[in-house]
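Because only heavy atoms are used, hydrogens play no part in the values below, and waters and symmetry mates are left out as well, while side chains stay in. Nothing fancy with the numbering, it's 1 onward along the sequence.
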Amino acid sequence: MCTVSFVNNNGKIIITSNRDEKVLRPVAIEPMAYWIQNKKVIFPKDNKAGGTWYAIDEHSNVLVLLNGAEEKHTLKAGYRKSRGLIVLDLIGSNSPLEAWQNIDLEQIEPFTLVLFENQKLYQLRWNEVVKSSLALDVNQSYIWSSSTLYSKDIREKRAHWFHTFLDTKPGVSEEELFNFHRYTEADNTEHGLVINRNEILKTLSITQTVIEKNKVSIHYNDLIAEKDFSNVFLSL
């Protein structure tokens, strides 16, 4: 939920996400299939609020959450609903993009969503004042870093690492992208792709989806328990 990348490798879509969280948060449940509003959705489940930061539906639409909008916001005493539950509200609808236009986000903490729906890519944002929707070029590569944990300068530096890496890998594979998310700037525990800030805030897991035609592969790596989970299904 704090670092997300999107790559289209000659029609193979690869979406990878690192989840940075406080280590005191209950351990997440590995990705499983759930029924959300009569639609089958696969996601790792947050054991605290019951939501998720990464979800894939039966039509191979993918929705990934990052905390914060354009810049770091000031925390309020309380919010109406978890952002992870907003993810489930959207992915469980007939069209997450259409649901985004109508969803009420008053008293919801700011966030950014990366949405891949019907072979199109969008950036969706809520900054506590307005919602924004940005259509992106699905043939380009992108990386996002959470504004709540990474300053603008650091976000730009991480983007530079990403594009420099891709320049050396013109036909990058999902394994190479996973390793980028796992090992880039490994000694930089504050701002590398896997962080450990004073044993309080860590990168807890990496989730990756690979979509190739109607085949969807999901790989989830729990960095704390050192366990891997994989799933493959054919989209409808």
Side-chain angles (χ1 to χ4, degrees), residues 1-6 14-68 78-96 99-100 103 105 107-117 124 126 144 146 148-149 174 178 181-182 194-195 200-211 216-236:
M1 66 198 313
C2 294
T3 309
V4 180
S5 71
F6 174 93
I14 308 169
I15 303 172
T16 313
S17 168
N18 287 21
R19 184 191 190 208
D20 302 338
E21 260 296 353
K22 293 178 180 177
V23 297
L24 292 178
R25 199 174 184 97
V27 176
I29 301 170
E30 66 270 15
M32 294 183 185
Y34 300 86
W35 287 98
I36 307 293
Q37 302 176 42
N38 297 316
K39 182 197 283 189
K40 185 180 286 187
V41 181
I42 297 175
F43 58 91
K45 190 173 186 179
D46 175 29
N47 244 330
K48 182 177 181 180
T52 191
W53 62 98
Y54 196 119
I56 311 101
D57 73 14
E58 58 195 8
H59 305 294
S60 70
N61 298 319
V62 181
L63 191 59
V64 191
L65 170 72
L66 294 107
N67 292 337
Y79 294 95
R80 177 170 58 85
K81 192 173 187 177
S82 160
R83 292 166 291 191
L85 291 174
I86 297 293
V87 171
L88 295 184
D89 289 342
L90 293 171
I91 199 70
S93 66
N94 289 332
S95 165
W100 172 256
I103 194 168
L105 295 176
Q107 299 181 51
I108 301 296
E109 193 171 355
F111 62 89
T112 299
L113 294 172
V114 177
L115 171 64
F116 181 70
E117 179 180 349
L124 311 176
W126 165 247
W144 294 262
S146 170
T148 61
L149 292 181
E174 55 265 41
F178 180 89
H181 276 255
R182 178 67 181 86
V194 171
I195 63 170
I200 296 173
L201 183 73
K202 289 184 177 183
T203 304
L204 303 183
S205 62
I206 302 173
T207 309
Q208 183 181 74
T209 297
V210 180
I211 303 169
V216 183
S217 303
I218 304 162
H219 179 207
Y220 177 81
N221 180 236
D222 184 326
L223 297 175
I224 306 303
E226 297 183 348
K227 292 183 178 179
D228 277 301
F229 304 88
S230 296
N231 196 350
V232 179
F233 69 93
L234 298 179
S235 64
L236 299 179

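Here the side chain of T203 pairs a donor or acceptor atom with the backbone of I195 at under 3.5 angstrom. The backbone N or O of V27 lies less than 3.5 Å from a partner atom in the side chain of N47, making a donor-acceptor pair.
The CD1 atom of I103 sits 4.0 Å away from the CG atom of L90 when rounded to the nearest 0.5 Å. Atom OG of S17 and atom NE2 of H181 lie 8.0 Å apart (nearest 0.5 Å). Atom CG of residue L223 and atom CG of residue L204 lie 7.5 Å apart, to the nearest 0.5 angstrom. N67 CG to R83 CZ: the interatomic distance, rounded to the nearest 0.5 Å, is 3.5 Å. One finds the OG1 atom of T112 at 6.0 Å from the CG atom of L66 (value rounded to the nearest 0.5 Å). Here the straight-line distance linking atom CH2 of W144 with atom OG of S5 works out to 8.5 Å at 0.5 Å rounding.
Contact check for H219 versus V210: no side-chain heavy atoms found under the 4.5 Å cut-off. Annotation: side chain of T52 is in contact with side chain of P44 (closest heavy-atom distance under 4.5 Å). W53 has its side chain within reach of T207: a pair of non-hydrogen atoms, C-beta onward, lies under 4.5 Å apart. The closest side-chain heavy-atom distance from Y54 to I15 is below 4.5 Å. Within the 4.5 Å cutoff, the side chain of F233 has heavy atoms near those of the I42 side chain. With contacts defined as side-chain heavy-atom distances shorter than 4.5 Å, the pair N221/F178 qualifies. Side-chain atoms of L149 and L201, non-hydrogen and from C-beta on, do get closer than 4.5 Å to each other. Counting only heavy atoms from C-beta outward, the side chains of V41 and Y34 never approach each other to under 4.5 Å.
Smallest separation of non-hydrogen atoms from I14 and Q208: CG2-NE2, 3.6 Å. Across all their heavy atoms, P96 and S93 have their closest contact at N-OG, 3.4 Å. What you find for V87 and A55 is that their closest heavy atoms are CG1-CB, 4.2 Å. Among all heavy-atom pairs drawn from V194 and R182, the shortest one is CG2-O, 3.3 Å. Counting all heavy atoms, side chain and backbone alike, Q37 lies closest to G92 at CB-O, 3.4 Å. Heavy atoms only, all atoms of each residue included: E109 and W126 are closest at O-CD1, 3.8 Å.
When the ring pair (Phe, Tyr, Trp, His ring centres under 6.0 Å) test is applied to Y79, no partner is found at least two apart in sequence or on another chain. Residues satisfying the salt bridge (Lys or Arg N to Asp or Glu O under 4.0 Å) criterion with K81, sequence neighbours excluded, are D89. Not counting sequence neighbours, K45 has no partner by the side-chain hydrogen bond (donor to acceptor under 3.5 Å, both in side chains) test. With sequence neighbours excluded, the residues satisfying side-chain contact (heavy atoms from CB on, under 4.5 Å) with S60 are I211, V216, S235.
Under the salt bridge (charged side-chain N to carboxylate O under 4.0 Å, His left out) criterion, no residue pair touches residues 220-236, with sequence neighbours excluded. Sorted by first and then second residue, the salt bridge (charged side-chain N to carboxylate O under 4.0 Å, His left out) pairs with a member in residues 46-58 read R19-D46, R25-D46, K39-D57; sequence neighbours excluded.
The aromatic rings of F111 and W100 sit perpendicular to each other, their planes meeting at more than 60°, with 30° as the lower class boundary.
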